[in-house]
Novice: 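Mind having a look at this structure? Questions to follow.
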Amino acid sequence: MRWRRALVALVLVMLAAAAGAALARSAGDPDRQDPVRAVSAGLRCPACQGESVADSRSPIAAAMRQVVADQLAQGRDRTEIRRWFVQRYGADVLTDPPARGVRLLLWGVPALALLAGGYAAVRTLRPGAGRTGAARTGSAVPWAPDARGARRAWRVASAGVVALVASVAIVADRLDPPARPAPADPVAVALQLAHDLETQNRYDAAAQMYQEALRDRPDDDVRLRLAFAQLRAGDGAAAQRTARDVLAREPASPDGLLVLGLAQRNSRPVEAVDTLRRFLAVAPEHPAAAEIRRLLATGREPVGP
């Protein structure tokens with residue numbers, strides 16, 4: 001008997017060692033050590049093909065990782081951060097978006113079939129099920145199946161459940177094909193990220209996001225947002241170049257004249273006055289017009305563009 005006890009002890013020691021190794025590997029998981037990477041791995045990079053935010057080197061992915069880090073620092077958990085991204089960019093921003101539409105049947109029907117099948121098996125195959133029912137009622141049950149008949153009925157029912165599940169899978173696959181989900185619009189993501197960064201007074205990072213958006217969508221509205229971000233970041237030269245690009249196509253652009261005039265104030269003060277007067281001439285009702293008039297009258301710095 002001793003050798004049996006020794007064998008049992010050896011097996012227990014081996015199991016304990018295996019459990020310890022598994023815990024050590026789990027503790028050494030880089031995703032656990034790096035919570036930013038763990039959350040970013042569940043987000044899809046909108047500017048990449050098949051890469052997560054954790055793996056991508058694109059500027060948009062870098063900005064999204066920074067957002068994740070900021071929110072973790074604010075005490076938000078993984079679920080709250082994922083919800084924040086979904087609210088802004090839709091469920092496709094997730095690498096594992098939740099099942100929806102007809103494909104929910106692929107999850108619901110098998111679960112219901114298993115529950116129904118288990119219940120039927122318990123009711124049909126338990127020993128003496130038919131006899132117990134007959135004894136309880138005290139009467140013969142002519143329709144009660146014998147053990148062989150119950151097994152046959154169970155096999156037929158099982159085959160029917162399998163056929164049902166297979167049919168649902170085929171139909172759901174045709175009605176809602178498992179096409180690869182399209183990533184979120186990279187331009188929309190870049191613009192939203194830039195806006196969020198501006199609300200945090202991170203204008204350099206916001207300007208980078210606007211430039212990313214411009215690569216995919218050369219649009220003067222985006223270009224003007226970039227010019228204002230560059231101006232607020234203190235890069236007057238870049239703001240002037242960007243504003244001149246807009247004014248080359250639309251010389252009377254109020255926002256183009258506004259940002260150009262404000263950007264010229266340090267390097268070309270005389271031209272700045274002329275530019276800002278042109279701005280007032282073409283857009284006297286602009287929300288910034290009153291502040292610009294006060295600036296030209298007193299020479300004080302404006303509150304903001």
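Here the structure is a predicted model, which is why all the values come from computation and not from measurement.
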Novice: Where the side chain of Arg44 meets the backbone of Ser52, is there a donor-acceptor pair that is under 3.5 Å apart?
Specialist: no

Novice: Counting only heavy atoms from other residues, nucleotides and ligands, does the tally under 6.0 Å from NE2 of His286 exceed 12?
Specialist: yes

Novice: Which value, rounded to the nearest 0.5 Å, describes the distance between Ile81 atom CD1 and Gln71 atom CD?
Specialist: 5.5 Å

Novice: Could you check whether Arg83 pairs with Glu80 (Lys NZ or Arg NE/NH1/NH2 to Asp/Glu carboxylate O, under 4.0 Å)?
Specialist: no

Novice: Looking at Asp221 and Arg225, is there a salt bridge between them, counting it only when a charged N and a carboxylate O are closer than 4.0 Å?
Specialist: yes

Novice: What's the spacing between Met209 CE and Ile60 CD1 if we round to 0.5 Å?
Specialist: 6.0 Å

Novice: Hey, what do you get for CD (Gln208) to CG (Leu226), rounding to the nearest 0.5 Å?
Specialist: 11.0 Å

Novice: Could you check if a side-chain atom of Gln200 sits within less than 4.5 angstrom of a side-chain atom of Asp70, using non-hydrogen atoms only?
Specialist: yes

Novice: Check whether any side-chain heavy atom of Leu295 lies under 4.5 Å from a side-chain heavy atom of Leu262, and answer yes or no.
Specialist: yes

Novice: Tell me, yes or no, whether the heavy-atom count around Glu285 atom CD, taken from other residues, nucleotides or ligands under 6.0 Å, exceeds 12.
Specialist: no

Novice: Is there side-chain contact between Asp77 and Arg82, with at least one heavy-atom pair below 4.5 Å?
Specialist: no

Novice: Members other than Leu224 in its cluster, when Ile, Leu, Val, Met, Phe, Trp, Tyr link by side-chain heavy atoms under 4.5 Å?
Specialist: Val246

Novice: Arg293 side chain to Pro284 main-chain N or O, any donor-acceptor pair under 3.5 Å?
Specialist: yes

Novice: So which of Val67, Asp196, Leu193, Val93 actually passes side-chain contact (heavy atoms from CB on, under 4.5 Å) with Arg88?
Specialist: Asp196

Novice: Can you find a pair of side-chain heavy atoms, one from Glu198 and one from Arg232, that are under 4.5 Å apart?
Specialist: yes

Novice: Checking Glu51 against Ser58: is there a side-chain donor and acceptor pair closer than 3.5 Å?
Specialist: no

Novice: Can you sort out the partners of Thr95 under side-chain hydrogen bond (donor to acceptor under 3.5 Å, both in side chains), two or more places apart, ordered by chain and number?
Specialist: none

Novice: Using modelled atom types and a 3.5 Å cut-off, is there a donor and acceptor pairing between side-chain atoms of Arg249 and backbone atoms of Asp245?
Specialist: yes

Novice: Report the hydrophobic cluster partners of Val270, with the cluster defined as I, L, V, M, F, W, Y residues connected by side-chain heavy atoms closer than 4.5 angstrom, directly or transitively.
Specialist: none

Novice: Distance from Leu276 atom CG to Leu258 atom CG, nearest 0.5 Å?
Specialist: 7.0 Å

Novice: How long is the straight-line distance from CG of Asp235 back to CD of Gln230, given to the nearest 0.5 Å?
Specialist: 6.0 Å

Novice: Quick one: CG on Leu257 to CG on Leu280, what's the gap to the nearest 0.5 Å?
Specialist: 10.0 Å

Novice: Determine yes or no for a side-chain-to-main-chain donor-acceptor pair under 3.5 angstrom, with Asp220 supplying the side chain and Arg223 the backbone.
Specialist: no

